[in-house]
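Structure, as structure tokens:
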Amino acid sequence: MIIPKEVQVILEKLKKSGFEAYAVGGCVRDFLLARRLVRQSFSVGRSFSEGGRGLEPNDWDVCTNAEPEQVQKIFPGSFYENKFGTVTIQTKSQKPALKEIQITTYRIDEKYTDKRHPDKVRFTRNLKEDLARRDFTVNALALDGAKIIDYFDGQKDLKNKIIRAVGEPEERFNEDALRMLRAVRFAVELDFQIESKTFKAILKNAGWLQAIAKERVRDEMIKIIMSEEPDKGIELLREANLLKYIIPELEKGVSVSQNKHHIYTIYQHSILSLKYAAERGYNLEVRLAALFHDIAKPQTKRGEGPDATFYNHDQLGARFSAVILERLKFPKKTIEKVATLVRNHMFVYGVGEVTEAAVRRLLRRVGPENIQDLLNLRVADRLGSGVPKAVPYKLRHLQYVIEKVSKDPISVKMLKINGDEVMKILGIGPGPRVGLILNALLSEVLDEPKKNTSQYLGKRAQELNQLSDKELKETLGKVKEKKEEVDLEIKKRYWVK
Ligand code: ATP
Ligand code: MG
């Protein structure tokens with residue numbers, strides 16, 4: 001294993017101009033870990049990727065005693081557009097991790113009044129001072145080709161798989177409370193333990209996390225959720241007292257038992273579903289939905305013991321999920337998708353019970369683009385409840401029906417008649433009535449796709465035009481109610497869960 005040549009070139013150029021230069025931080029940690037893993041895999045025959053994350057550094061950072069203006073002189077095409085002393089170099093590398101390399105002048109962070117970011121930074125000539133401001137010993141290593149600079153026993157902690165604050169943990173968390181969450185994130189990503197004094201300082205001061213910008217919290221949470229063992233991450237957050245400042249809703253399910261269909265508590269089932277979503281490599285939205293799909297069960301539980309019920313936990317859960325994700329400043333698209341998955345996670349799919357029409361309605365409700373994720377959510381949900389088979393024949397059957405009906409019309413846009421034509425045939429102007437007629441037509445086509453011809457729909461539109469707005473609405477409402485009643489009946493029988 002060698003340092004990538006793009007990084008080497010930068011180090012060499014800086015040194016040729018008389019400056020010090022090192023690779024520093026996360027890339028050194030990951031590089032040394034990967035090197036150790038390669039050595040181990042040679043000696044014990046294990047696979048390289050075993051244990052923790054893949055260990056390809058996410059990015060390569062360089063630190064130097066040159067000031068930004070001096071760095072820019074050495075690298076004419078570089079950018080310097082921040083107040084933290086970071087100059088960005090673009091390389092020709094195809095690898096995302098190496099496309100941009102950041103060169104940062106040794107610096108000391110001065111005074112944190114808001115536990116978020118330093119009020120200002122001061123450049124220094126001293127590498128040790130720069131390393132001392134970094135969060136954990138394993139992140140405070142610098143590498144110069146063959147030489148490793150290690151003032152805080154980072155290599156020892158790396159070897160023993162320990163996350164330890166540099167210096168006095170409580171002081172360091174007081175400066176920037178996000179570091180407490182980062183400790184958990186690294187412990188989970190790398191499969192390390194948090195050293196006990198560091199852990200105690202987190203336990204005691206977890207509430208400081210409330211002062212932190214939600215975007216920063218979100219980014220660390222995404223890394224935890226996307227790690228290989230996110231269930232351990234959530235559990236560690238809980239043990240560290242941090243979960244209640246991030247997703248208190250999850251804690252409500254901790255000691256709440258379910259019913260005869262379940263062996264786990266709500267909380268256990270939630271993190272187990274997340275575990276299986278991760279094991280199967282599902283995307284962020286499915287993982288979030290797996291974690292949140294039963295989030296409203298504590299509030300909807302009625303009765304105790306084997307016959308307890310949780311009616312409407314799916315609907316309420318979708319709302320809770322949106323509230324949580326909005327609070328954590330997730331993008332609107334992510335929020336909507338997770339809420340859709342949670343709202344529909346109770347879909348029914350018994351072979352005899354589910355008609356093609358019902359599957360078309362499911363596709364319409366969920367959106368064809370989300371259907372695979374919904375099936376994945378069900379797989380994670382089932383595995384997380386201790387049910388042995390992930391894709392039983394019923395689910396495979398559903399997949400088959402989905403494919404079969406995938407070309408059928410499921411939206412007003414797909415009807416062989418459009419709003420203009422409806423207006424022309426009925427001699428009416430634009431308005432809500434056009435939408436009502438189109439939706440009534442769609443409802444029929446969802447039941448019987450072969451009715452989707454312009455001739456039939458034109459004729460049917462005229463018949464429907466005999467009804468008043470109120471009657472049209474009632475018909476639509478009745479269809480919806482009837483479907484929901486059937487769904488609920490089946491849910492009651494099979495999915496009292
Ligand atoms: P990743 O692999 O996720 O990129 P990383 O360790 O590189 O992890 P970054 O957020 O990229 O983490 O930060 C780069 C380095 O900057 C860290 O290794 C650490 O030395 C330092 N650092 C980052 N955030 C903080 C912080 N909040 N407090 C102190 N040092 C930090
Ligand atoms: Mg990094």
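First listed ligand is number 1; within each ligand, the first listed atom is number 1. A quick note: this is a predicted structure, and the numbers were derived from the prediction, not measured.
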Counting only heavy atoms from other residues, nucleotides and ligands, does the tally under 6.0 Å from CD of Glu67 exceed 12?
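Atom CD in Glu67 is packed in, count exceeds 12.
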
For the CD atom of Glu336 and the CG atom of Leu341, what is their distance to the nearest 0.5 Å?
12.0 Å

For the CG atom of Leu243 and the CG atom of Leu209, what is their distance to the nearest 0.5 Å?
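It is 10.5 Å, given to the nearest 0.5 Å.
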
Axial cation check for Phe136 ring with Arg164, 6.0 Å and 45° limits:
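Verdict for Phe136: no cation-pi partner in Arg164.
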
Report yes or no: is the cationic atom of Arg122 (NZ for Lys, CZ for Arg) closer than 6.0 Å to the six-membered ring centre of Tyr106, at no more than 45° off its axis?
no

Side chain, backbone, both or neither: which part of Asn58 has a heavy atom under 4.0 Å from ligand 1?
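The side chain, only.
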
Asp59 backbone or side-chain N/O/S under 2.8 Å from the Mg ion (ligand 2)
yes

Do any nitrogen or oxygen atoms of [X] lie less than 3.5 angstrom from nitrogen or oxygen atoms of ligand 1?
X      : result
Arg185 : yes
Asp135 : yes
Gly26  : yes

Counting C-beta onward and ignoring hydrogens, is there a side-chain heavy-atom pair between Pro4 and Trp60 closer than 4.5 Å?
yes

Side-chain heavy-atom pair Leu141, Leu32 within 4.5 angstrom cut-off:
yes

Would you check whether [X] reaches within less than 4.0 Å of ligand 1, judged by its heavy atoms?
X      : result
Phe186 : yes
Arg133 : yes
Asp176 : yes
Arg29  : yes

Ranking Arg179, Arg216, Arg182, Glu175 by closest non-hydrogen atom to atom 13 (O) of ligand 1, top hit is Arg182

Partner of Asp135 by salt bridge (Lys or Arg N to Asp or Glu O under 4.0 Å), out of Arg179, Arg172, Arg182
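Only one of Arg179, Arg172, Arg182 forms a salt bridge (Lys or Arg N to Asp or Glu O under 4.0 Å) with Asp135, namely Arg182.
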
With atoms numbered from 1 as shown, which atoms in ligand 1 lie under 4.0 angstrom from a non-hydrogen atom of Lys223?
3 (O)

